[in-house]
Amino acid sequence: MEENFPRDAFEDAGYEAAVVGQKTYNGVAILSRTPLEDVSRALPGDASDDQARYVEAATVLDGRMVRIVSIYLPNGNPTDSDRFGYKLKWMERLRRHAARLLANEEPTVLAGDFNVIPEDGDVHDPAAWREDALFRIEVRRRFREILHLGYTDAFRALHRELGRYTFWDYQKGAWQKDFGLRIDHLILSPQSADLLTACDIDKGPRGKPRASDHTPIWCELSV
DNA sequence: ATGCCGGGCGAAGCCCGA
């Protein structure tokens, strides 16, 4: 819930926040050192969808409007449940909206937990994951459809190496064995891809006590 | 083919994640 978000702590640290949350389950946020404007709190295309999985905001940087979209894309497992259909529909809504965002011709970043493993090299054991909702061909196809609109996977644009992950399960010693997944992505519009100077995954936080099962991915855009 | 972790919720044990 937004009222439980530690807004004051972030303000003290110099950040404004755009937050969308719900009890127990989902939540997304954007933090910015510069004022946020034009905040959208839902992914268009289904007014009945009340899951807190989308927030979008713009801010002016160096006199130029920059737009950030923060998402928590549905997991979709099990694939024989309506959760999988919800994921596919959510991705189709995201594609439609991503197409519309291109018309702004702004530096735009689609960021977050996409729950999509793009390719074989993004999972330790592709064969074992083939039928999982994170790797099913229908899901990867929809992810590629978004890229093919003209977006760039920031990490893959700057790194050819395989086996670089953003998530490791808590179970079965996945972290110790480096059995991970690359499912958190920074997806850039042409105008932001033109400014991309660096992108990487920071494994440090995942190794700490009581860590999240995800670890940060970051990128740098420079004029 | 999942629930061996781990967190949230809420005060035990279920639900959920990926």
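Lettering of chains follows the sequences in order, A, B, ..., and the numbering in each one begins at 1.
- Not one side-chain nitrogen or oxygen of A:K23 sits closer than 4.0 Å to the OP1 or OP2 atom of B:dG7.
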Pair A:D178-A:W168, side-chain hydrogen bond (donor to acceptor under 3.5 Å, both in side chains): steps then yes or no: CA-CA 7 Å; A:D178 198 27; A:W168 295 260; 2.9 Å; yes
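- Between A:R83 and the phosphate of B:dG17, there is a side-chain N or O to OP1/OP2 separation shorter than 4.0 Å.
- Separating the CG atom of A:N4 from the C1' atom of B:dG8 is a distance of 12 Å, rounded to the nearest angstrom.
- Look at NE2 on A:H214: it is 17 Å from P on B:dC16, rounded to the nearest Å.
- Among the heavy atoms of the strands, none lies under 4.0 Å from A:D213.
- Taking atom C1' in both B:dG3 and B:dG13, one finds a spacing of 14 Å when rounded to whole Å.
- Both A:Q171 and A:R210 sit near DNA chain B, but only A:Q171 has its closest nucleotide nearer the 5' end.
- Nearest-nucleotide positions on DNA chain B for A:K172 and A:N115 put A:K172 closer to the 5' end.
- Spacing between atom CG of A:N77 and atom P of B:dC16 amounts to 13 Å, rounded to whole angstrom units.
- Put simply, the side chain of A:V139 reaches to within 4.5 Å of the side chain of A:F84, judged on heavy atoms.
- For the residue pair A:R33 / A:Y15, a side-chain donor-acceptor distance below 3.5 Å is found, with atom types taken as modelled.
- Among residues at least two apart or in separate chains, side-chain hydrogen bond (donor to acceptor under 3.5 Å, both in side chains) pairs with a member in residues 107-121 of chain A are A:D120-A:R130.
- Residue-level contact check: A:Y165 touches neither bases nor backbone, having no heavy atom under 4.0 Å from any strand.
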